[in-house]
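One structure below.
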Amino acid sequence: MKILSVNAGSSSLKFTLIELPSREVLISGLFEKIGMEGSCYTIKYNGEKTTKEASLPDHSVAVTKLMDELIENKVINSLEEIDGVGHRILHGGDEFTESILLNEDILKRIEKYNELGPLHNPANIMGVRAFMKVLPNVKNVGVFDTTFHQTMKETEYLYPVPYEWYEKYGIRKYGFHGTSHRFIYKTISEYLKRDDLKVISCHIGNGGSLCAIDSGRVVDTSMGFTPLAGIMMGTRSGDIDPSIIPFIMKKTGKTADEIINDLNKKSGLLGVSGISSDNRDIEEACEQGNERAILANKMYAQKIANYIAMYNNLLNGADVITLTAGLGENSKGMRKMICERIASLGVKIDDAKNDFRGEFRLITKDDSKIPVYVIPTNEELMIALDTMELIS
Ligand code: AMP
């Protein structure tokens, strides 16, 4: 079975064609600058990466171009060979608790949550409609970033603010990165052959979130009403005192939207270091003794460690801690810094085991009270697996 896993942005379309059940990636790529000058697309196929310029006035043209490429490269012989398309959708509010087969009625229901994810949801939906137009006979499935977190209880998802904000305006914690956390739980629970695991899943990339999971159900997660909350990230502040916003508005004359933009795009590793949001640049600057980079690096590790300690308490003792995404998978330095800061939980990192990048491995000593695993995430595969299940 061939399933396309798709993530559509407002001017981009990322795709991976996956063969199931073998999980083989047949072809993948990215269409960029859709609807803009200089549009192009990159395709990874047979170990080679090629970029081509193309006029892409809208997402439907990009999807048509994608189908042409699949046939030209002989990945498929006809469009009938595409069994289903799975779409990443950012926000399903508190209505969608599972992935779902998409049709026009469902899309209209999802559109209700566009104001909660204004940068992503309209674009995700536009991507679905483009596939419905070009491949009218193929089933589409929506896989939401929010659904996995729908098992949180009121005590976790409510904010201690006037209750009518929740009732009237839907102000609550929704949580994000759910597809990644779900994939990580599935992977570790299959590996350890246990479905009753208490896991603290740490997705630490440019965006970052932690998730406390008990027996496959989310108990709490660090992102909130929006992906701005929780740990410090590449450019996002994570949790801060909200009183800072009106204070800086008065000091600088900026609007609330401008300050939120600063908190989303000019904070985190970038804001503290003044150098970059990219951890590789920060690590390089740390090696050269740059004090602000060293400060940013330490703050970053500490915020994650604090959340791990909090979730260990919430879970009444975790069985496993997992690290994933750009930093979790690749930065042995950051992994070590985090583990050193949770030594009070009995975590003992093994430096020799930690010396690698991008693989599934255990990085703690045998007598570590909680084992820490590095697990490469694979949201595309999770989307494809959900799609296979729903269309079968
Ligand atoms: P993601 O958003 O998951 O793609 O993660 C991006 C982050 O991972 C960036 O801050 C990168 O600097 C970081 N990253 C990727 N590869 C490495 C590496 N080899 N060493 C350190 N950090 C890395």
Side-chain angles (χ1 to χ4, degrees), residues 5 7 9 12 14-16 25 28-30 32 42 44 49 88 90 119-120 145 175-184 187 201-211 221-223 226-238 264-288 290 292-304 322-340 349 351 353-361 363 372-383:
S5 184
N7 185 352
S12 68
K14 201 172 152 196
F15 69 91
T16 311
V25 172
S28 66
L30 174 69
E32 290 175 278
T42 305
K44 267 203 240 170
K49 200 168 160 180
R88 181 243 177 170
L90 179 83
L119 296 181
H120 296 95
D145 272 33
F176 300 90
H177 286 147
T179 309
S180 173
H181 291 302
R182 189 156 56 97
F183 177 79
I184 297 297
T187 307
S201 166
C202 311
H203 179 112
I204 40 178
N206 192 30
S209 71
L210 272 74
C211 191
T221 190
S222 61
M223 283 180 169
T226 71
L228 181 53
I231 57 169
M232 171 175 169
M233 305 175 218
T235 60
R236 287 178 228 156
S237 63
N264 267 307
K265 299 199 174 139
K266 297 184 183 169
S267 300
L269 282 176
L270 172 65
V272 177
S273 71
I275 295 171
S276 170
S277 63
D278 193 299
N279 177 60
R280 283 165 289 203
D281 300 335
I282 301 291
E283 288 186 354
E284 204 181 305
C286 287
E287 275 167 29
Q288 290 157 6
N290 184 299
R292 291 254 302 274
I294 294 169
L295 173 65
N297 204 31
K298 283 185 183 164
M299 283 172 68
Y300 190 91
Q302 191 62 51
K303 307 279 177 203
I304 294 167
T322 59
L323 304 175
T324 194
L327 280 97
E329 291 168 30
N330 299 301
S331 174
K332 60 181 176 184
M334 183 50 67
R335 294 197 295 246
K336 183 174 165 71
M337 286 175 74
I338 294 168
C339 288
E340 284 171 349
I349 187 152
D351 290 333
K353 288 188 193 163
N354 185 39
D355 192 11
F356 71 97
R357 289 184 44 199
E359 286 172 40
F360 181 124
R361 285 204 204 172
I363 59 167
V372 179
Y373 286 87
V374 172
I375 305 179
T377 196
N378 195 338
E379 289 160 282
E380 292 80 12
L381 176 61
M382 195 73 242
I383 290 172

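Values reported hereafter were calculated over all heavy atoms of this structure, with side chains retained and with hydrogens, waters and symmetry mates removed. Positions are given from 1 along the sequence. Whatever order the structure lists ligands and atoms in, that order sets their numbers, starting from 1. What you see is a predicted model, and the numbers here were worked out from it, not measured in a lab.
From the protein, the heavy atom lying nearest to atom 17 (C) of ligand 1 is Asn330 CB, 3.4 Å. Considering only non-hydrogen protein atoms, atom 7 (C) of ligand 1 sits nearest to Leu327 CD1, 3.7 Å. In terms of protein heavy-atom proximity, atom 10 (O) of ligand 1 is closest to Asn279 N, 2.9 Å. Ranking protein heavy atoms by distance to atom 23 (C) of ligand 1, first place goes to Arg280 CG, 3.8 Å.
When Leu269, Asn206, Asp278, Ile204 are checked for heavy-atom proximity to atom 12 (O) of ligand 1, Asp278 turns out nearest. Of the candidates Gly268, Ser276, Gly234, Gly326, the one placing a heavy atom closest to atom 14 (N) of ligand 1 is Gly326.
In summary, the side chains of His177 and Thr221 do not present any donor paired with an acceptor at a separation below 3.5 Å, with no hydrogens or angles considered.
For the pair Leu323/Ile363, a side-chain contact is recorded, criterion being any heavy-atom separation below 4.5 Å from C-beta on. Residues Ile204 and Ile338 are in side-chain contact: their nearest non-hydrogen atoms beyond the backbone lie under 4.5 Å apart.
The pair Glu340-Lys336 meets the salt-bridge criterion, with a side-chain N (NZ, NE, NH1 or NH2) lying under 4.0 Å from an Asp/Glu carboxylate O.
When all heavy atoms of Ala285 and Ile275 are compared, the closest pair comes out as CB-CD1, 3.6 Å.
Per-residue contacts place Gly205 under 4.0 angstrom from the following atoms of ligand 1 (heavy atoms of the residue considered): 1 (P), 2 (O), 3 (O), 5 (O).
Rounding to the nearest 0.5 Å gives a distance of 9.0 Å between OG of Ser28 and NZ of Lys49.
Around the NZ atom of Lys353, the shell of radius 6.0 Å holds more than 12 heavy atoms that belong to other residues, nucleotides or ligands.
Residue contacts with ligand 1 for Glu283 involve side-chain atoms from C-beta outward but no N, CA, C or O (heavy atoms, distance under 4.0 Å). Of the heavy atoms in Met334, none comes closer than 4.0 Å to ligand 1.
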